Structures are given as C-alpha cells and as structure tokens.
Undergrad: 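Submitted below is the structure of interest, expressed as structure tokens.
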2 protein chains.
Amino acid sequence: MDRFYSMDRFYCPPERIHTPLLRLPPEETHHVMHVLRYRPGDRIEVTDGRGGVYTVRLRNLRGLEIEGEIEEAVYDPDEVGYELTLVVGVIKHPDRQAWLVEKATELGVRRIAWIRTSRTERDQIRLDRLQRIAIAALKQSGRRWLPELLPPRALTDWLQQDKARWRLAAHGPGAPYPPISSLLPRPLPKGATISVLIGPEGGFADQELELLRAHGLALCSLGPYRLRTETAAVAAAAALLWAAAG
Amino acid sequence: MDRFYSMDRFYCPPERIHTPLLRLPPEETHHVMHVLRYRPGDRIEVTDGRGGVYTVRLRNLRGLEIEGEIEEAVYDPDEVGYELTLVVGVIKHPDRQAWLVEKATELGVRRIAWIRTSRTERDQIRLDRLQRIAIAALKQSGRRWLPELLPPRALTDWLQQDKARWRLAAHGPGAPYPPISSLLPRPLPKGATISVLIGPEGGFADQELELLRAHGLALCSLGPYRLRTETAAVAAAAALLWAAAG
C-alpha cells in the first residue's frame, strides 16, 4: 500500500539527533545511500522511534554515516491512543520470537517485556537481532514509535514494576476467565496504559496464578483455542487496535 | 497450556472415517505410533477437521496406516459462533504465507481464499505444504475445524462466488474508510458469515476498488499503520474473535 507513502521512512535513534543536524547510523546510511541510492542534497523522511518524524536534507557522508539537516519536524505523542505493553514468556523458537516482535511493531505495541516463569524453557533472547527486526518493521509500517524491548526478568520482578492502569493476564483455554474484551472499558480512554501478560508455552503454574491475583492482575481468556504464545500476544495487540477504533 | 488437554489430538480426513472404524493417514500414523509411541489398544482423540471429535481405540497397523475403532463421537457445529473467510492476495514470501495459514488456523478462520490482483507478484501457492501447516496448527490448537484452503483465482472470479452476508475489504492506511469494527453488528449474530478481503502488498488498484464497490463490498480500515498482508489478515481474524466474545 505504498502509494499512501510517497517517501521512504528511515530510523535515527534520538541520541543521534542534535537539531538542526542528525547523523544516521551505519546500517541506515547503507540503506539510504547504497540500497536506495539517495545522494547528498536529496530529501528523506526520518523517524526517531519516539513519535518524531523529520524531513531531512542529506548533507555529507562522514565515514559510514550520512549527516542530514532537519528542515521540518512533526511530533505525534500517541498514534493509537493507548499504550500497550505485552509481557511474554520467552519463546523457545527464535523465529517465533522474531515474528512476535515484527507483528507487535506493526500493530502498535509500545513495549515488549520478556519474563521467566517456572515453565519457560529458555531465558535468553537475542535483543540485538530483535531490535533490528523492530526497526525494519517500524520503517515498513510507517509507525513513529519503536517498541521498547525489555530483556527477560523474573515474573515477580516484572510484577513489582508494572505501572499500567489495566493489568491483564491471559490464561487458558478451558479456564473460566472472562474474555479480555469484557475487562477493558469501552470506548478505551485516550492514553490508557494496559499490560497484557501472556503465559509461557506450558501455561502459568498454579502458584504463579496466585501471584498474579495477589498483584491485582485480572485473569482473562483469549478465546476457545489453545494459542501459541506469539499468536496470543499478536491477537491481544490486534484486539486492542480494534477496541480503540470502535 | 497442555494441562487443559490430557490427550493428544490427531487428524483424520472425513473420507477415511467409516463409523465405527477409521484409518489414519500415513503421516498421522507415524506421529501416533513412532513419535508418540502409542500401541494397539491405547485410546487417542481424533478430529475430522469438520467439527467432529472422536475417542478412538487403536487396533491394527495395516501397512503405514493404523486402524481404530470409534468409541465416542462429539460434534461441534461451530466453535467461534461465526464463519470467517479471509481473502488474501498471494504473498511473495512463502514463509509469510505459511505463517498466515498457521495463525489463521489458531484464530478460528474457516476458510482462506487466495486471489490474484493487478499488484499480486506471485500467483502460485504450495497448497500441499500449506495444508500440512494447517493440520499441524489444528492439532496443536485443539480446534475441530480445519480451514478450507482455496487456490488462487482472479479477483473477479472470487467476487462472483462470495456468498458471505458481510463482505468487507480492508484498504489503507491513510484512506478515509471506517474501521472494520464499525461495519459489523455488535454483538455478532450467531452463525454470521463474514468475508474480509485483504489487498496485496501494493494495495488495490483504483479500478479494483471500483469493482469491490460495484460488488457491494464495504471498504474498511484496519488502523493507522501500513500492515503487511499477513499481519492485516491475522489482525482481522483476532479482531473478530474479540468481537464475538465481547
């Protein structure tokens, strides 16, 4: 659906932006200059992944990094109207993990936090690889917000620091929990902060369910099927986009 | 979340079921006998992918196929309460096509129909491979309905045969169409038949948009981002699960 976007969109981390100048990192410089063959003097569109979109005129190539001058800056505080944090057990298969990051980025997720639970089989993730996938999806989808990717931590640690206003945990199927849709206000208030915890492939253990309840999380269901972790996470993100629109 | 399912679930196509006997195909027989090491006399659970679930006692291995006796049969006409057909442009990357089939199966889609449009870059799909992926997802997710996979046909051919009560086409972003959520009744009536057309990676051409309107399809938006075909399709499926539950 590229015809709605006349310009390619590139990514520049905020710390490389010193208005009115910015300097693209080497990977992005390569994409701009060698893959798409822009030249000094051309205009490109850049996002900082924090809501900012800049119209930039390319200047000089300095080593592996191209410098540009910001001609216009637009800031969008919040594209979807809410802030969704997906909290997921580390997924065993790296490709499924990558797919989750790509789709969550496309679907407006603000943050992905990985957790370790008693049934999580892996506890490491390749954050650098996942970050590259998120950046590619950011550019492809036209988003202005790059999801924050938080490295795996223990479930208890996460629960102590989760500050979302609505905190849900999906568990099931077959468990007698209300559907996720019934636990969120409709319409969703502007700026709502929501976290949705998705269990690991083996589900939450009983003592973990107790812990979730003790921390005030609402247990909910994502429908009648046994969903893989990444499917459940993406389904929750898509459902929220829908809820916010309707 | 296996603890909700004490038994493994296997797949047997309806044409191999002659009550009270059935004969599993070679792949499933291999899975039952050699991977999971069941033996004649053991009980397994089998679905026909058409709503039926059978408790089966294994009998004799005949060549590469195990025969079983049906002890109990349960039929569920409709798990999610609606019938969703995803109509998608053929996706260039085979892995993305496979992901779509896996996730659509998990998320309760009843049928996937591929279409050729003026911006579709491929027009062939590996239906046999996709069928195997759908069967694996069926077994893993505990569904009883195997999505029908319909080979690519021209958009005009599809439009002439689409019989769904609600026919939507997602296009955008940036186009001034209402959100998909506003075009379906809420709550969704039991047994609603819905088709959602997702454009190819380059979007629909203008004359195709005219054709969709002429055939009475409602154009809708899936949110503020440029979604990949498979993301849009999976997001629509997840949103419908949500809508049906709430």
Side-chain angles (χ1 to χ4, degrees), chain A residues 1-5 9 76 79-81 95-96 99 102-103 105-108 119 137 140-143 171-175 178-184 186 199-205 221-232 234-246, chain B residues 1-5 9 76 79-81 95-96 99 102-103 105-108 119 137 140-143 171-175 178-182 184 186 199-206 221-232 234-246:
Chain A
M1 310 187 186
D2 293 311
R3 65 210 197 86
F4 295 113
Y5 291 80
R9 176 79 63 88
D76 176 355
E79 287 164 310
V80 283
D95 282 353
R96 295 185 179 276
W99 186 84
E102 178 181 294
K103 297 317 173 202
T105 305
E106 287 183 65
L107 293 170
R119 294 196 184 138
Q140 189 274 332
S141 68
R143 268 197 83 181
H171 187 59
I180 186 170
S181 49
S182 68
L183 296 174
L184 291 172
R186 185 182 284 166
E201 319 249 306
F204 292 110
S221 153
L222 283 170
Y225 310 120
R226 180 168 31 171
L227 302 178
R228 288 179 184 277
T229 300
E230 77 277 10
T231 314
V234 167
L240 267 172
L241 255 188
W242 165 291
Chain B
M1 310 183 186
D2 295 310
R3 65 209 195 89
F4 296 111
Y5 291 80
R9 175 80 63 85
D76 175 357
E79 288 165 310
V80 283
D95 282 353
R96 295 184 179 277
W99 273 112
E102 178 180 295
K103 298 313 172 203
T105 305
E106 287 183 63
L107 292 170
R119 296 197 183 136
Q140 189 273 332
S141 68
R143 270 198 81 180
H171 187 61
I180 186 172
S181 49
S182 68
L184 291 172
R186 183 181 287 166
E201 319 250 308
F204 292 111
D206 286 342
S221 153
L222 283 171
Y225 310 120
R226 180 167 33 170
L227 302 179
R228 287 179 183 278
T229 300
E230 78 277 12
T231 314
V234 168
L240 266 173
L241 255 188
W242 166 289

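These numbers come from a predicted model, not from an experiment. Any value given below was found using the heavy atoms of this structure, including those in side chains, with hydrogens, waters and symmetry copies removed. Within every chain, numbering begins at 1; the chains are lettered A, B, ... in the order of the sequence lines, protein sequences first and strands thereafter.
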Undergrad: Please examine the side chains of B:Arg96 and A:Trp99, heavy atoms only from C-beta on, and report whether any two atoms are closer than 4.5 Å.
TA: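 They are not in contact (no side-chain heavy atoms under 4.5 Å apart), so the answer is no.
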Undergrad: Under a 4.5 Å heavy-atom cut-off, does chain A meet the side chain of B:Arg228, its backbone, both or neither?
TA: both
Undergrad: Closest heavy-atom contact between A:Leu222 and B:Leu241?
TA: O-CD1, 4.0 Å
Undergrad: Does B:Thr231 form a side chain to side chain contact (heavy atoms under 4.5 Å, CB included) with A:Val234? I'd like the steps, not just the answer.
TA: CA-CA 9 Å; B:Thr231 314; A:Val234 167; 5.9 Å; no
Undergrad: If the threshold is 4.0 Å, N to carboxylate O, is there a salt bridge linking B:Glu106 and A:Arg226?
TA: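 The answer is no: the pair does not qualify as a salt bridge.
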Undergrad: Would A:Leu227 and B:Leu107 count as a side chain to side chain contact (heavy atoms under 4.5 Å, CB included) here? Give the steps.
TA: CA-CA 8 Å; A:Leu227 302 178; B:Leu107 292 170; 4.0 Å; yes
Undergrad: Taking side chain as everything from C-beta outward and backbone as N, CA, C, O, which of these in A:Leu184 sits under 4.5 Å from a heavy atom of chain B? Side chain, backbone, both or neither.
TA: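 For A:Leu184, side-chain heavy atoms alone lie under 4.5 Å from chain B.
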Undergrad: Quick one: does B:Glu230's side chain get under 4.5 Å of A:Lys103's, heavy atoms only?
TA: yes
Undergrad: Please name the pair of heavy atoms, one in A:Ala235 and one in B:Ala238, separated by the smallest distance, quoted to 0.1 Å.
TA: CA-CB, 3.6 Å
Undergrad: Taking all non-hydrogen atoms of both residues into account, name the closest pair between B:Val80 and A:Tyr225 and its distance.
TA: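 That closest heavy-atom pairing would be CG1-OH, 3.1 Å.
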